[in-house]
Engineer: 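This is the structure I want to talk about, given as structure tokens.
Keep in mind that this is a model prediction, so the values were computed, not measured. Letters A, B, ... mirror the listed sequences (proteins, then strands); counts begin at 1. Atoms considered below: every heavy atom in the structure, side chains included; atoms not considered: hydrogens, waters and symmetry mates.
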Amino acid sequence: MERQKYIRNFCIIAHIDHGKSTLADRLIERTGTLNKRDLSEQVLDSMDIERERGITIKLTPVRMAYNKDGQTYLLNLIDTPGHVDFTYEVSRSLAACEGAVLVVDASQGVEAQTLANVYLAVDNNLEILPVINKIDLPSARPEEVKAEIEDVIGVDASMAPLVSAKEGIGIDEVLDKVIEYFPPPKGDADKPLRALIFDSFYDNYKGAVCLIRVIDGCVRPGTRIRLMHTKREFDTVEVGVFTPKMSECDALYAGDVGYLTASIKNVADTAPGDTVTDAARPTDTPCPGYKPVQPVVYCGIYPTDGAKYNDLKEALERLKLNDAALFYEPEVSVALGFGFRCGFLGLLHMEIIEERLEREFGLDLITTAPGVNYLVTRSNGEQLTVTNPSNLPPPGEIASVSEPIVKAYVYTPPEYIGTIMELCQEKRGEYIDMTYLDKTRVRMYYEIPLNEIVYDFFDGLKSRTRGYASLDYEIKGYKESELVKLDIMLNNEVCDAFSLIVHRDKAYARGRSIAEKLKEVIPRQMFEIPIQAAIGSKVIARETVKAMRKDVLAKCYGGDISRKKKLLEKQKEGKKRMRQVGSVEVPSEAFLSVLKLDK
Amino acid sequence: MAAAAGVYIHIPYCKQRCGYCSFVSSCDPSTQEAYAARVKAELAGIKSERIAADTLYIGGGTPSVLRRGLLSDLIAAVRAAFLLDADAEITAECNPESCTDDFLSEAKNAGVNRLSMGLQDADDTVLRGAGRLHSRADFVGAVGRARAAGLENLSVDLMLGLPGQTVTHVEASVKLLLSLDIPHISVYALKLEPDSALAKSYTPDEDLEADFYQCAAGLLTAAGRARYEVSNFARPGRESRHNLKYWTHTPYYGFGVAAHSFYHEMRYANPDSLTEYLSGASRRTETPLSPEELREETVMLRLRLAAGLELDAYEQKFGENLREKKAAEIRSLCALGMIEIKNGRLFATDRGMYLLNSLILRLI
């Protein structure tokens with residue numbers, strides 16, 4: 001108990017660009033955890049994509065030692081991802097903390113996107129310590145921003161440290177306040193082991209590395225552990241803390257944050273939210289809040305160059321090692337050849353995987369429109385699950401189709417209630433209720449088909465509320481619905497890669513906008529190309545790409561044929577990004593552009 | 001025996017730069033003598049055994065703006081460096097406004113027997129818009145003077161897609177040339193390189209250019225000017241022997257700034273900066289052609305010709321039976337009416353000729 005008094009577990013919540021990573025760097029530097037030379041800029045966000053997007057996907061905890069009043073404190077900083085796709089992951093990492101430092105930019109003030117995570121922290125009973133950052137900027141208005149924090153978020157900001165992480169101002173005060181403000185971890189080291197897994201990653205030598213917060217008890221090398229939800233048992237090989245490098249230690253006790261390895265081959269066995277206990281002396285109460293990982297969004301991923309199928313396969317295998325939430329299985333498309341149907345936690349997760357495949361593995365990809373899984377009952381009573389629209393049986397053989405419905409909670413300032421209601425109605429949402437959480441914050445509860453959410457709900461919500469509303473959703477179940485398959489035909493041949501399952505009422509508008517978009521992105525070819533959107537045999541929209549009439553470079557430049565060759569090389573390059581769909585050459589961007597139909 | 005070579009001399013001088021131009025050209029005549037001396041030095045450098053040539057093309061720029069005497073000098077230097085055939089086709093480019101009697105008589109005396117004149121369009125408004133210095137009347141006058149000087153073998157350039165140009169203008173321009181009984185006509189579509197003045201304010205419409213081309217090609221072929229190359233129409237026997245070398249991988253030697261050459265299965269390019277060329281500091285860059293490049297070039301260049309690609313010769317040279325290797329593409333292009341195969345030759349049809357790049361891409 002004495003030991004726990006000197007531990008603080010906390011995270012930092014901030015809007016993109018408000019300086020979370022810089023502040024984390026300064027804390028690490030000030031506590032001497034790393035010296036300036038070793039501190040590559042922004043230690044915590046280690047993936048390129050994270051640095052570029054300013055978001056955190058993988059969580060990296062850091063243990064820091066700090067002296068205050070002659071006493072050494074251990075401060076565990078746990079980083080959190082910042083997106084709704086990872087709400088569950090965020091909630092698990094918050095569950096490992098007692099406090100959250102809320103970084104707010106002194107000139108920008110509170111940004112809407114931060115709110116969802118702040119509320120999540122409040123719901124997890126975390127203490128919130130506001131920190132006003134970037135006070136060195138001429139446009140800083142710390143007093144106004146403090147008032148805003150109290151107004152909008154409803155936490156006391158009077159004693160918020162004024163900081164410039166960039167200039168190193170106020171860092172000590174943040175560390176002091178973390179110790180004063182945040183409670184030490186509760187828990188009892190003598191009770192049976194109970195530790196929360198809040199993330200895991202794959203290490204080539206150690207296998208799955210579980211990031212854990214020990215709630216009760218203790219774990220050390222040799223402890224036979226049981227994962228309570230997956231019910232698997234392993235022998236602990238190593239425990240340790242992040243400094244921020246992995247540093248082995250003898251044991252982790254109640255209140256500690258660290259890692260554990262146990263020759264676990266597969267990160268899928270170490271699901272976030274699962275509870276680690278001692279197999280010989282198990283606890284009877286697992287940590288609350290566990291949810292199994294389940295993909296909710298699916299899409300087809302194909303190599304632009306069909307010969308790269310095996311490269312794509314290997315890349316997915318590699319990513320899967322580290323990402324239990326990624327699902328994939330081989331599939332074949334008439335238009336795109338061999339590829340994979342992949343499942344994701346949400347749209348951002350999907351984008352991140354695509355980007356990592358392209359960037360880290362150098363692959364050129366074609367992605368089909370994201371969809372969800374549908375439950376289909378055939379006329380003969382047989383049931384099947386369809387994630388790829390091409391596998392939907394012909395209309396005559398279908399008795400019914402059900403689609404996943406989510407409970408969607410939209411958090412918003414009251415002035416956007418009207419516009420959000422409109423949006424939810426357009427998206428076939430069913431209003432359930434609305435709660436005023438306080439005078440500045442409303443929670444609207446709708447039940448909406450997931451298929452509408454994955455389409456462009458986020459973009460709509462963001463643009464209609466200037467980013468002030470946020471969305472949280474969970475799967476509620478399935479509901480029968482009037483769903484049809486929308487096909488796109490190019491030069492009178494169905495291109496399966498464009499097929500979609502949509503609600504009958506939406507099919508016409510969707511078909512028309514896809515046809516219009518394709519007309520823009522499919523280059524003119526030697527013949528006229530009709531583009532048709534159809535439900536079954538009924539054509540509901542039609543556009544035409546006119547035949548190209550001239551592409552020759554006519555001039556003779558005194559025997560200089562280099563321009564002609566250059567043009568030819570350019571066209572050869574262009575052709576590589578083309579997919580032959582029947583007689584039509586379709587640029588790979590076309591597959592992407594129909595996913596992003598602008599209003 | 002190897003086919004006789006062609007010789008090209010670039011004259012980078014103009015009175016005024018046209019808005020669409022991206023050739024190396026200067027409006028400052030003060031370096032003309034120094035330039036001619038450099039070209040002569042370059043010619044002298046060819047030496048060893050004299051190479052047989054049967055065409056000489058003096059292009060630009062505007063060769064007719066050279067100070068009197070320089071053109072004859074240069075042609076004499078070519079004769080000294082090459083074994084120029086007695087029947088050689090010797091072409092000089094000129095513009096109507098600088099096609100003076102002095103120029104014509106100097107050209108004629110130096111052995112020039114073919115003139116290539118830039119008209120571009122027969123409408124004065126269109127001409128002004130393109131930054132041309134001459135009028136329709138100037139052109140008609142120049143043609144008369146050329147003939148009076150004994151230069152009968154005339155070629156005239158038309159440009160399609162100029163600002164303000166309509167199909168009526170194109171039709172009138174072609175008809176003017178036919179009424180003047182011009183035997184060889186080149187019809188170029190305007191392609192603006194990003195470094196030309198006009199590119200900043202104007203983008204030619206390729207559909208419109210296709211309409212213009214169709215109109216011009218129809219009138220010209222009906223009047224007995226057969227299309228022997230995508231942009232070139234001539235009365236039989238009046239084809240440009242020099243330009244044909246470019247499309248048939250016949251050796252040609254280019255001299256002067258930015259001039260290009262092809263011989264010994266290699267491509268060469270002179271520096272494209274006039275200052276650099278005048279300094280004599282840099283030599284021509286050499287680019288050897290891989291067999292694969294040579295093969296692709298063959299398809300690309302031969303298909304520009306009405307005669308097309310001789311399939312047996314192609315197979316002999318590259319060991320590849322195009323008919324078998326590209327069977328599906330050839331079938332679909334034939335079905336689309338873009339190409340035909342007749343008498344062992346694969347060639348672009350009327351429809352296919354203006355879509356050559358797409359055809360080539362499918363056939364290489």
Side-chain angles (χ1 to χ4, degrees), chain A residues 304-306 334-335 337 490-493 495 519-530 543-588 590, chain B residues 6 8-10 22-23 57 59-60 160 186-191 193 206-207 209-211 213-214 229-232 240 242-243 245-247 252-254 256 258-262 267 269 287 293 296-297 300-301 304 332-333 336 338 348 351-362 364:
Chain A
T304 305
D305 174 359
V334 177
L490 300 179
N491 207 16
N492 304 313
E493 283 178 65
C495 177
K519 185 191 170 175
E520 282 170 34
V521 295
I522 295 179
R524 293 169 67 180
Q525 292 166 38
M526 285 186 285
F527 44 88
E528 186 176 287
I529 304 164
E543 295 284 340
T544 305
V545 177
K546 284 197 292 175
M548 177 173 56
R549 306 206 25 223
K550 172 194 176 241
D551 69 356
V552 68
L553 251 197
K555 187 79 175 126
C556 162
Y557 300 86
D560 173 10
I561 65 160
S562 61
R563 293 177 211 221
K564 294 179 182 67
K565 283 175 85 171
K566 233 180 254 165
L567 181 69
L568 195 66
E569 287 309 315
K570 216 174 97 192
Q571 285 172 324
K572 268 202 225 162
E573 272 312 301
K575 205 175 158 97
K576 281 192 198 150
R577 291 206 62 92
M578 293 283 190
R579 275 293 175 143
Q580 192 76 31
V581 178
S583 53
V584 182
E585 285 182 341
V586 181
S588 40
Chain B
Y8 177 81
I9 308 247
H10 189 71
S22 60
F23 287 89
Y57 196 102
L160 305 179
S186 300
V187 180
Y188 297 124
L190 179 60
K191 169 82 173 75
E193 299 297 330
E206 299 213 324
D207 280 357
E209 287 183 358
D211 287 341
Y213 179 76
Q214 220 167 12
E229 194 263 350
V230 58
S231 308
N232 289 293
S240 161
H242 183 81
N243 280 350
K245 295 188 192 299
Y246 297 150
W247 317 125
Y252 53 88
Y253 294 75
H260 285 247
S261 308
F262 171 79
R267 296 209 170 270
T287 318
E293 266 181 295
E296 290 189 357
E297 277 192 4
M300 172 176 113
L301 300 175
R304 300 179 68 90
S332 99
L333 290 172
L336 285 167
M338 296 290 160
R351 285 186 68 188
M353 200 47 115
Y354 232 37
L355 293 168
L356 270 185
N357 282 344
S358 297
L359 301 187
I360 293 162
L361 219 49
R362 287 182 176 218
I364 57 176

Engineer: Given that the side chain runs from C-beta out, which part of A:Lys575 has a heavy atom under 4.5 Å from chain B: side chain, backbone, both or neither?
Structural biologist: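 Only the side chain of A:Lys575 comes within 4.5 Å of chain B.
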
Engineer: Of the backbone (N, CA, C, O) and the side chain (C-beta and beyond), which part of B:Leu160 lies under 4.5 Å from a heavy atom of chain A, both, or neither?
Structural biologist: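 Looking at B:Leu160, nothing touches chain A.
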
Engineer: Between A:Asn491 (side chain only) and A:Pro530 (backbone N and O only), is there a donor and an acceptor less than 3.5 Å apart?
Structural biologist: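 No, the answer is negative, given that no donor and acceptor are paired below the 3.5 Å cut-off.
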
Engineer: Flag the one option from B:Leu301, B:Thr287, B:Asp211 with the top tally of heavy-atom pairs under 4.5 Å to chain A.
Structural biologist: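 Of B:Leu301, B:Thr287, B:Asp211, B:Asp211 has the most heavy-atom pairs under 4.5 Å with chain A.
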
Engineer: Where does B:Leu336 contact chain A at under 4.5 Å (heavy atoms): side chain, backbone, both or neither?
Structural biologist: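 Answer is side chain: those atoms of B:Leu336 sit under 4.5 Å from chain A.
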
Engineer: Compare all side-chain heavy atoms of B:Ser358 with those of B:Met338 and state whether any distance is below 4.5 angstrom.
Structural biologist: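 Side-chain contact under 4.5 Å: no.
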
Engineer: If we define contacts as heavy-atom pairs under 4.5 Å, which of B:Arg351, B:Met300, B:Gln214, B:Glu293 has the most with chain A?
Structural biologist: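 The option with the most such pairs is B:Met300.
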
Engineer: Quiz question: by atom type and distance under 3.5 Å, do the side chains of A:Ser562 and B:Arg267 form a donor-acceptor pair?
Structural biologist: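 On atom types as modelled, these side chains do not qualify, holding no pair under 3.5 Å.
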
Engineer: For A:Arg524 and A:Arg549, what are the C-alpha separation, side-chain angles and deciding distance, and is it a side chain to side chain contact (heavy atoms under 4.5 Å, CB included)?
Structural biologist: CA-CA 9 Å; A:Arg524 293 169 67 180; A:Arg549 306 206 25 223; 3.9 Å; yes

Engineer: Heavy-atom pairs under 4.5 Å with chain A - which of B:Leu359, B:Leu333, B:Ile364, B:Leu361 has more of them than the others?
Structural biologist: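 Looking at each of B:Leu359, B:Leu333, B:Ile364, B:Leu361 in turn, B:Leu361 comes out on top.
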
Engineer: Do you know which of A:Met548, A:Met526, A:Gln525, A:Lys572 has the most heavy-atom pairs with chain B at a distance under 4.5 angstrom?
Structural biologist: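 Option with the greatest count: A:Met526.
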
Engineer: So, B:Glu229 side chain and B:Ser231 main chain: donor-acceptor pair closer than 3.5 Å or not?
Structural biologist: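 Confirmed, B:Glu229 side chain pairs with B:Ser231 backbone.
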
Engineer: With a 6.0 Å cut-off on the ring centroids, do B:Tyr252 and B:Tyr8 count as close?
Structural biologist: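 Ring centres of B:Tyr8 and B:Tyr252 not closer than 6.0 Å.
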
